[in-house]
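Per chain, numbering begins at 1; letters A, B, ... match sequence-line order. FYI, side chains are in, hydrogens and waters are out, and symmetry mates aren't considered; it's all heavy atoms of this structure.
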There are 2 protein chains.
Amino acid sequence: MNATNAANGARGNPTHELDAPPWRRVESTLMATASAIHAAYDQRLAGLGLTLSTASLLAYLAEFGPVTQTRCAEHLGQGRAVTGTQVDKLQSLGYVERRPDPTDRRVWLVSITDTGLDLAARVADVDEGLRGEFREGISRTDRQTLAALLVRLQENINRSQHVSSSSTPQQPESNHQ
Amino acid sequence: MNATNAANGARGNPTHELDAPPWRRVESTLMATASAIHAAYDQRLAGLGLTLSTASLLAYLAEFGPVTQTRCAEHLGQGRAVTGTQVDKLQSLGYVERRPDPTDRRVWLVSITDTGLDLAARVADVDEGLRGEFREGISRTDRQTLAALLVRLQENINRSQHVSSSSTPQQPESNHQ
DNA sequence: TCAGAACTGTATGGTTACATACAATCATGA
DNA sequence: TCATGATTGTATGTAACCATACAGTTCTGA
C-alpha cells in the first residue's frame, strides 16, 4: 500500500497492461494524468488565491477583451451558472468588473481590471513554470506526437458519444430521487 | 437524454485546441480528453443504473474478492467517505453486501452478490465496447506510444507536485533513466 | 499490562459543477 | 406591430468529491 493507484499505474511497466483490471488501462492512465495536472495547477495557483478554473477565466479575460459570460462559459467548456459564480468571486476580489452592454441589456460585459492584469501576468508565470517542469525530458517531437494521438482519440470519443445508446437492455430506470 | 445534453458536454466538451492561448495546449487537450472519456462511460453506464465510479467499484469487487472499504478507496484513488457512500448505493440495489470481518471488528468486508456479478459482466461488456470504439484507427503501437508518453508525463507531474514548500524549485535530480 | 498511537468507517460541512427553471430581454416573421 | 421563439444571466436543487473530526477498535512499546 504505497501511494495511490494512479502512482501504481504510472510506475508500472507500460508494456504489459494486461495484469491490470479493465479499469487500469490507457484510458485510466489518461484520466489519472489529467487529475494530476489539475491538482498540480490548483496547488501552485493556491498561492495566488486562485484555482485552475478561476485562473483560466482570468487569463481568458486578460487576452480577449470584455466579453459576455456566455462566451466565457463556451470557451472554458462549462455551464453559464458556474461561470457566473466564478465571475462573482473574481469581481469580489477586484480582479474583474461587470459593465452593462449598451446594445444588449441582457448581458454583462466582463472586463479585467488593472490589478487583475497584474495577477494574470503572475498566473502566466505559474503556467509557464509548471509546463516547463512537465516537459522535462519530453522532446518537442514527443509532445507533438502526444497531442496528435490525443486529438485522434478525442475524435473517436466524440463519435461514440453521439451514438444514441439504442442497446439499453431491460433494467427499469428505478430513479427514486 | 437528448442531443443537447451530449453536445453541451456533461463534463465539458471543448472542441478547438490548436489556435490557443496558454490554456489550450497539450495539458488542456489531455484534460478535455479525460473529461470526454468520463462522460462517455457515464453515458453508456447510465443504462445499467451506474456511473463510472460505481461501476469501477463493482468491477473491482467482482475481480478481487471481499475487501475492506479502505482497500477499495485506495484502489479507486478516492477517499474512504465517498467509497462508503458508493457501497451504500450498491448495497441498497442488492449488488454487494457488507459482512463483518471475524478478525477485525472495525472493518466491513464488502462482497459482491450473484446479481452483482451479472451486472459486472454487463459492465465489462460496456467497457470492452467503448474501448474498442476509442481505439478505432489507432494501432497497438500508437497506443503503446501514448501510454509511454503519459507515464513519462505523469512522473514529471508527480515530481513537481512534491516541490510545494520551496519557492525556488531547484531542478530535481532525475532518479534514473 | 496498559496507555498512547494508528487504523476503519461514518458524519459533517464545504467546494465545484451540472441540469432545470425562470424573468428579462432580444430577434424573427407574419 | 406584435406574438412567438431564442438567448442571457441567475436561482435552485442535485450530485460527486474532499477534508476534517469523531467513536470504536486494534496495534505497539515500555
Side-chain angles (χ1 to χ4, degrees), chain A residues 1 4 6 31-32 34-35 38-39 41-43 45-46 49-57 66-91 96 98-110 175-177, chain B residues 1-14 31-32 34-35 38-39 41-43 45-46 49-57 66-91 96 98-110:
Chain A
M1 47 196 87
T4 62
M31 289 192 286
S35 291
H38 202 304
Y41 270 99
D42 276 347
Q43 186 185 35
L45 291 167
L50 297 175
T51 64
L52 176 59
S53 299
T54 51
S56 301
L57 174 57
V67 289
T68 68
Q69 296 184 184
T70 294
R71 206 159 301 275
C72 293
E74 285 169 355
H75 180 85
L76 298 175
Q78 62 189 13
R80 285 172 291 157
V82 194
T83 305
T85 309
Q86 291 167 350
V87 171
D88 283 344
K89 176 165 187 178
L90 290 180
Q91 186 179 28
V96 308
R98 277 189 249 235
R99 297 182 307 180
D101 185 336
T103 72
D104 191 337
R105 278 188 293 176
R106 292 173 301 178
V107 309
W108 291 110
L109 287 183
V110 188
N175 46 358
H176 51 82
Q177 27 189 352
Chain B
M1 47 185 79
N2 48 17
T4 57
N5 230 347
N8 215 349
R11 305 222 177 263
N13 200 5
M31 289 191 288
S35 292
H38 201 308
Y41 270 98
D42 276 347
Q43 186 186 35
L45 291 167
L50 298 174
T51 64
L52 176 59
S53 299
T54 51
S56 301
L57 175 57
V67 289
T68 68
Q69 296 184 186
T70 296
R71 206 160 301 275
C72 293
E74 285 170 355
H75 179 85
L76 298 173
Q78 62 189 15
R80 285 172 292 157
V82 193
T83 305
T85 309
Q86 291 167 350
V87 171
D88 283 344
K89 177 165 185 177
L90 291 181
Q91 187 179 27
V96 307
R98 277 189 250 234
R99 296 183 307 176
D101 186 337
T103 71
D104 191 337
R105 278 188 293 176
R106 290 173 302 179
V107 309
W108 292 109
L109 287 183
V110 188

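- Using a 4.0 Å heavy-atom cutoff across all strands shown, B/T68 reaches sugar-phosphate atoms only and no base atom.
- Per the geometry, CG belonging to B/L52 stands 14 Å off C1' belonging to D/dC17, to the nearest Å.
- Straight-line distance from the CD atom of B/E74 to the C1' atom of C/dT8: 11 Å, rounded to whole Å.
- At least one side-chain heavy atom of B/C72 sits under 4.5 Å from a side-chain heavy atom of B/L57.
- Residue contacts shown for A/S53 are limited to sugar-phosphate atoms, with no base heavy atom under 4.0 Å away.
- Counting non-hydrogen atoms under 4.0 angstrom, B/T85 reaches nothing in the nucleic acid.
- Rounded to an integer number of Å, the gap from NZ of A/K89 to C1' of C/dT16 is 11 Å.
- Mapping A/H38 and B/T70 onto DNA chain C by nearest heavy atom places B/T70 closer to the 5' end of the strand.
- Look at CH2 on B/W108: it is 12 Å from C1' on C/dT8, rounded to the nearest Å.
- Rounding to whole angstrom units, CG of residue A/L76 and P of C/dC18 are separated by 10 Å.
- Taking CZ of A/R98 as the reference point, atom CG of A/L90 lies at 9.5 Å (rounded to 0.5 Å).
- B/L109 places a side-chain heavy atom less than 4.5 Å from the side chain of B/T68.
- Projected onto DNA chain C by closest heavy-atom contact, A/T51 and B/V67 fall at different nucleotides, the more 5' of which corresponds to B/V67.
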Enumerate all atom pairs, one protein N or O and one N or O from nucleotides 20-27 of chain D, separated by less than 3.5 Å.
| unit_1 | atom_1 | unit_2 | atom_2 | d |
| --- | --- | --- | --- | --- |
| D/dT26 | OP1 | B/R105 | N | 2.9 |

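- When each of A/Q91, A/Q69, A/Q78 is tested with A/Q86 by the rule side-chain hydrogen bond (donor to acceptor under 3.5 Å, both in side chains), just one qualifies, namely A/Q78.
- For the pair B/R99 CZ and C/dT8 C1', the interatomic distance rounds to 18 Å; values are reported in whole Å.
- Following rounding to the nearest Å, A/D101 (CG) and C/dT25 (P) show an atom-to-atom distance of 14 Å.
- Scanning both residues, B/G79 and B/A73, for their nearest heavy atoms gives O-CB, 3.7 Å.
- Contact annotation: A/Q86 reaches the phosphate of C/dA17 (side-chain N/O to OP1 or OP2, under 4.0 Å).
- The nearest whole Å value for the distance from the CD atom in A/Q78 to the P atom in D/dT8 is 15 Å.
- In terms of modelled atom types and a separation under 3.5 Å, the side chain of A/D42 and the main chain of A/L52 share a donor-acceptor contact.
- Residue contacts for A/R71: at a heavy-atom cut-off of 4.0 Å it reaches no nucleic acid atom on any strand shown.
- Considering OG1 of A/T83 and CZ of A/R71, their distance stands at 13.0 Å, rounded to 0.5 Å.
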